[in-house]
Amino acid sequence: MKPATQPLKITLTFPDGAQREFPRDTTGLEIAKGISPSLAKRTVAMALDGALVDLNDPITEDARIELISREDPRTLELIRHDCAHVLAEAVQTLWPGTQVTIGPVIENGFYYDFFRNEPFTPEDFDAIEKKMREIIARDRPFTKEVWDREKTKQVFRDKGEAFKVELVDAIPGDEPIKIYFQGDWFDLCRGPHMTSTGKIGGAFKLMKVAGAYWRGDSNNPMLTRIYGTAFAKQEELDTYLKQIEEAEKRDHRRLGRELDLFHFQEEGPGVVFWHPKGWTIFQQLISYMRRRLSSDYSEVNAPQILDKALWETSGHWDWYRENMFAAQSAGDEAEDKRWFALKPMNCPGHVQIFKHGLKSYRELPLRLAEFGVVHRYEPSGAMHGLMRVRGFTQDDAHIFCTESQLADECLKINELILSTYADFGFTGDLTVKLSTRPDKRVGTDEMWDHAERVMATVLQEIQSQGSNIKTAINPGEGAFYGPKFEYVLRDAIGRDWQCGTTQVDFNLPERFGAFYIDQDGSKKAPVMVHRAICGSMERFIGILIEHYAGNFPLWLAPMQAVVATITSEGDEYAKRVAAAARQAGLRVELDLRNEKINYKVREHSLAKIPALLVVGKKEAETHSVSVRRLGSDGQKVMPTTEALAALVDEATPPDVKRARAAAGA
RNA sequence: GCUGCCGUAGCUCAGUGGUAGAGCACUCCCUUGGUAAGGGAGAGGUCGACAGUUCAAUCCUGUCCGGCAGCACCA
């Protein structure tokens with residue numbers, strides 16, 4: 001409640017706890033100057049009760065105040081935002097007539113979207129950056145004015161800035177229209193900004209150009225977006241650029257080729273050719289998941305291709321057709337021209353299995369799992385290595401249960417997902433998002449209300465269980481048949497990937513007339529829960545490749561060790577070592593080539609073979625091997641039996657180790 | 001799908017309006033060498049596909065296919 005008359009004095013609390021009174025409407029700059037001129041010079045913004053605002057803003061009420069220097073981590077956002085404005089001014093100076101739109105700060109920098117008939121190219125960057133440095137060197141103050149809404153629109157209309165006019169219209173009526181000047185150039189902006197363009201400094205760089213739809217809608221015109229980044233210090237920019245290089249080195253498409261895991265070719269856009277080594281990883285992953293499922297789930301396999309009629313019943317033909325592959329007999333004479341569709345999802349197949357034979361309430365929850373290969377016609381621009389393909393394998397399952405079992409099943413799945421991610425070393429932050437009803441959907445509002453209510457309760461429960469779990473709501477992002485949880489994991493270099501999902505479905509069983517006989521002898525439609533842990537095995541392997549940078553833990557490594565000889569004198573012994581290793585269950589290769597050991601070490605190191613077992617005359621005589629581990633410089637001579645036992649232990653999958661420990665305890 | 005860029009040997013890339021080169025990888029020969037590249041020779045390409053311009057196209061133009069970066073979409 002504000003008092004009827006504004007007080008003339010306000011009390012500000014400084015970070016050290018000191019409190020001082022100032023006349024109302026004193027600006028941050030005046031306060032800084034009052035403390036010391038050098039402080040005023042160093043200060044680029046202030047925070048009132050923790051919120052960053054312009055240093056020149058008059059302070060109207062009591063607050064905690066912090067004077068923010070350029071070195072404060074919170075300033076980074078301002079540097080980038082200021083830099084975006086300078087970019088826009090530079091572009092409009094160099095190419096008059098270019099329309100400006102928006103220029104926000106993003107995770108690693110900023111961008112600005114422009115409208116211009118001629119798109120920009122990276123060759124323009126030098127000229128733009130040069131102009132930006134001029135503007136920064138001019139060091140004009142950022143000043144803010146609050147304009148009348150109609151006047152603002154008129155000014156932008158007169159300047160030919162149609163997009164800005166639209167932006168003004170989008171600002172809620174009760175919000176002020178703020179205009180920031182930097183010299184003569186000005187932009188509509190929420191702020192805040194630093195005190196002048198000179199504070200931006202020189203540690204910025206334009207990164208790339210790309211197209212982007214106006215307001216993120218593919219029905220709107222496409223703008224040209226220029227991405228840039230900026231830091232407080234040059235060293236930080238250099239570090240960032242180096243990080244990008246490192247990330248490129250672990251790109252799964254590059255490592256997939258270098259490590260000979262898989263390939264793509266023109267005839268099969270978005271479908272993977274798995275090579276022996278890549279397929280070994282794939283199989284290890286599937287074996288792992290099978291072990292994790294064995295106690296609760298029954299594995300099934302449903303057909304790859306089914307009559308269109310079935311997809312009409314399921315609703316896919318209506319709601320998902322543009323993503324589906326359809327097929328007919330290719331023979332001209334065939335009179336039977338039925339349309340079939342490749343399955344884009346496994347659920348309808350599993351419902352058929354559930355429906356086969358009468359089910360009793362005693363059989364619920366019935367959990368059917370399938371490593372199901374599905375095909376989806378993804379937009380051409382969406383394809384990205386293993387991360388986004390048109391044919392992929394889901395570690396899919398459908399749980400048929402009663403409504404009262406639903407919440408428990410969701411929590412059980414949650415446990416499985418979290419423990420699986422932990423086994424692969426994804427120990428960073430995890431986000432669980434609840435996606436609610438989309439516009440395009442089947443089922444009644446009552447069904448959706450009910451489903452979303454149950455899910456929201458489960459989400460709360462999940463949240464309360466883990467400290468590194470964040471939760472969020474994605475309104476309108478659900479599947480067309482029901483709301484879903486999406487599990488987003490964070491990899492070794494901080495990137496987020498959506499993998500697991502739990503989707504509640506009150507529609508499909510009913511559509512197919514699936515039911516079970518309840519305790520009272522009546523027919524009831526089961527609730528169906530769709531769920532995947534890895535999501536797509538292809539994508540998950542892509543994530544693993546980048547997460548491990550190709551250095552797989554021994555249990556997943558396609559080739560776990562290579563036995564290499566120094567001279568051909570060691571051949572017989574090397575064969576015995578390799579045979580013993582294989583006998584012990586290790587995936588090993590023998591390298592008897594007439595090459596120098598240096599050459600072999602280099603080659604197998606580049607191939608990221610985890611263990612190199614080198615044998616020469618000495619080892620043969622002492623029944624030992626010289627073990628060189630990937631990533632270490634030296635080597636260690638050990639008795640062969642001991643070396644193999646250690647490798648076998650290390651190669652034991654984490655879940656198997658856990659099971660053994662539990663059995664032993 | 002949209003905007004921009006790209007497509008030459010398995011990979012990384014040179015190059016030219018008169019039908020092609022390098023390094024690595026591959027094959028063979030010499031070398032038997034203790035922990036990140038020993039030497040030599042050879043083989044390998046209708047220069048993404050199809051049209052057009054031209055006496056002549058890998059090179060210029062167009063269409064298509066595929067890829068890359070974003071956007072949109074999504075496991």
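Proteins get letters first, then strands, A, B, ... in listed order; numbering begins at 1 in each.
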| task | Scan A:Leu606 against the nucleic acid and name what it touches under 4.0 Å (heavy atoms): base, sugar-phosphate only, or nothing. | result | base
| Looking for any heavy atom pair under 4.0 Å, which part of the strands does A:Gly216 touch: base, sugar-phosphate only, or nothing? | sugar-phosphate
| Plane angle bin for A:Tyr320 and A:Phe480 - parallel if under 30°, tilted between 30 and 60°, otherwise perpendicular | tilted
| message | Any N or O donor-acceptor pair under 3.5 Å from the base of B:C11 to the side chain of A:Arg257? | response | no
| remark: Against the side chain of A:Thr567, the closest entry in B:A69, B:U32, B:C73 is B:U32
| query | Looking only at side-chain N and O atoms, does A:Thr501 come under 4.0 Å of OP1 or OP2 in B:A75? | reply | no
| query | Heavy-atom distance under 4.5 Å between the side chains of A:Pro483 and A:Thr436, does that happen here? | reply | no
| Of the listed nucleotides B:G48, B:A36, B:G1, the one nearest the side chain of A:Pro379 | B:G1
| said: Just the rounded figure in Å: distance from P of B:C73 to CZ of A:Phe480. | reply: 18 Å
| task | Using the C1' atoms only, state how far B:A57 lies from B:U53, rounded to an integer number of Å. | result | 10 Å
| note | Checking B:A75, B:G38, B:G48 against the side chain of A:Lys596 (C-beta onward), the nearest is B:G38
| query | Taking the C1' atom of each, how far is B:U12 from B:G45, in whole Å? | reply | 16 Å
| request: Using atom CE of A:Met387 as one end and atom C1' of B:C73 as the other, report the distance to the nearest whole Å. | output: 17 Å
| said: So A:Met387 and A:Ile543, do their side chains get closer than 4.5 Å, heavy atoms only? | reply: yes
| query | A:Met222 has a side chain; which of B:A72, B:A37, B:G70 sits nearest to it? | reply | B:G70
| For B:G42, which nucleotide in any strand shown is its Watson-Crick or wobble partner with both distances under 3.5 Å? | B:C26
| query | When you match A:Gln265 and A:Arg376 each to their closest nucleotide on RNA chain B, which lands nearer the 5' end? | reply | A:Gln265
| field | Minimum-distance nucleotide to A:Tyr599 side chain [options: B:U35, B:C71, B:G38] | value | B:G38
| field | d(NZ, A:Lys484; P, B:A75) in whole Å | value | 4 Å
| message | Does A:Glu123 reach a base, just sugar-phosphate, or nothing at all? Heavy atoms under 4.0 Å. | response | nothing
| said: Taking any heavy-atom pair under 4.0 Å as a contact, classify A:Val614: base, sugar-phosphate, or nothing. | reply: base
| field | Which nucleotide in B:A75, B:U32, B:A36 has an atom nearest any side-chain atom of A:Ser568 | value | B:U32
| task | Answer with base, sugar-phosphate or nothing: what part of the nucleic acid does A:Val389 contact at a heavy-atom distance below 4.0 Å? | result | base
| remark: Closest of B:G66, B:A69, B:G34 to the A:Pro269 side chain is B:G66
| At under 4.0 Å between heavy atoms, what does A:Cys499 touch on the DNA or RNA strands: base, sugar-phosphate, or nothing? | sugar-phosphate
| task | For B:U54 versus B:A49, give the span between their P atoms, rounded off to a whole number of Å. | result | 23 Å
| task | Write down the partner of B:G34 under the Watson-Crick or G-U wobble criteria, each distance required to be under 3.5 Å. | result | none
| remark: Taken to the nearest whole Å, OH/A:Tyr377 to C1'/B:C73 is 13 Å
| Among B:G67, B:C65, B:A36, which is the nearest nucleotide to the side chain of A:Met383? | B:G67
| query | Out of B:G33, B:U35, B:A36, which has the shortest distance to the side chain of A:Ser626? | reply | B:U35
| said: Distance check, C1' atoms only: B:U16 and B:U8, in whole angstrom units. | reply: 12 Å
| For B:C74, does either OP1 or OP2 sit under 4.0 Å from a side-chain N or O belonging to A:Arg390? | no
| field | Side-chain ion pair, A:Glu248 and A:Arg254, N-O less than 4.0 Å | value | no
| message | Under 4.0 Å, heavy atoms only, any strand: does A:Tyr227 hit a base, just the sugar-phosphate, or nothing? | response | sugar-phosphate
| said: In whole Å, measure the gap between the P atoms of B:U27 and B:A43 for me. | reply: 16 Å
| query | Which base, if any, makes a Watson-Crick or G-U wobble pair with B:C47, both distances under 3.5 Å? | reply | none
| request: Would you mind telling me which residue lines up with the more 5' stretch of RNA chain B, A:Glu267 or A:Gln635, judged by nearest nucleotide? | output: A:Gln635
| message | With a 3.5 Å limit on both atom pairs, tell me what B:A57 is paired to, counting Watson-Crick and G-U wobble, or say none. | response | none
| task | Taking only Lys NZ, Arg NE, NH1 and NH2, and the carboxylate oxygens of Asp or Glu, determine whether A:Arg292 and A:Asp423 approach each other closer than 4.0 Å. | result | yes
| request: For B:C11 and B:C5, measure between their P atoms and round to the nearest Å. | output: 25 Å
| request: Go through the steps for A:Arg388 and A:Glu378 under the test salt bridge (Lys or Arg N to Asp or Glu O under 4.0 Å), then give the verdict. | output: CA-CA 8 Å; A:Arg388 203 61 193 281; A:Glu378 298 292 343; 2.8 Å; yes
| task | Identify whether the distance between the nearest side-chain nitrogen and carboxylate oxygen of A:Glu245 and A:Lys242 falls below 4.0 Å. | result | no
| request: Scan A:Arg225 against the nucleic acid and name what it touches under 4.0 Å (heavy atoms): base, sugar-phosphate only, or nothing. | output: sugar-phosphate
| Hey, does A:Lys600 reach any base, or is it just sugar-phosphate, or nothing, if we go heavy atoms under 4.0 Å? | nothing
| Do A:Asp591 and A:His604 come close enough that some side-chain heavy atom pair is under 4.5 Å? | yes
| In terms of ring plane angle, is the pair A:His252 and A:His384 parallel, tilted or perpendicular, where the classes change at 30° and 60°? | tilted
| Whole angstrom value for the distance that separates P of B:U3 from CG of A:Asn219 | 14 Å
| Which one is paired to B:G70, where only Watson-Crick or G-U wobble pairs with both distances under 3.5 angstrom count? | B:C2
| OP1 or OP2 of B:A69 sitting under 4.0 Å from any side-chain N/O of A:His384? | yes
| said: Regarding A:Ala382, tell me which of base, sugar-phosphate or nothing describes its non-hydrogen contacts under 4.0 Å with the strands shown. | reply: base
| Proximity to the side chain of A:Ile566 - top-ranked nucleotide from B:A36, B:A69, B:G34 | B:G34
| query | Rounding to the closest angstrom, what is the interatomic distance between B:C29 and B:G67 at atom P? | reply | 41 Å
| message | Suppose you measure atom P in B:A56 against the same atom in B:G66; what distance do you get, rounded to whole Å? | response | 31 Å
| Using a cut-off of less than 4.0 Å, is there contact between a side-chain N or O of A:Arg253 and OP1 or OP2 of B:C68? | yes
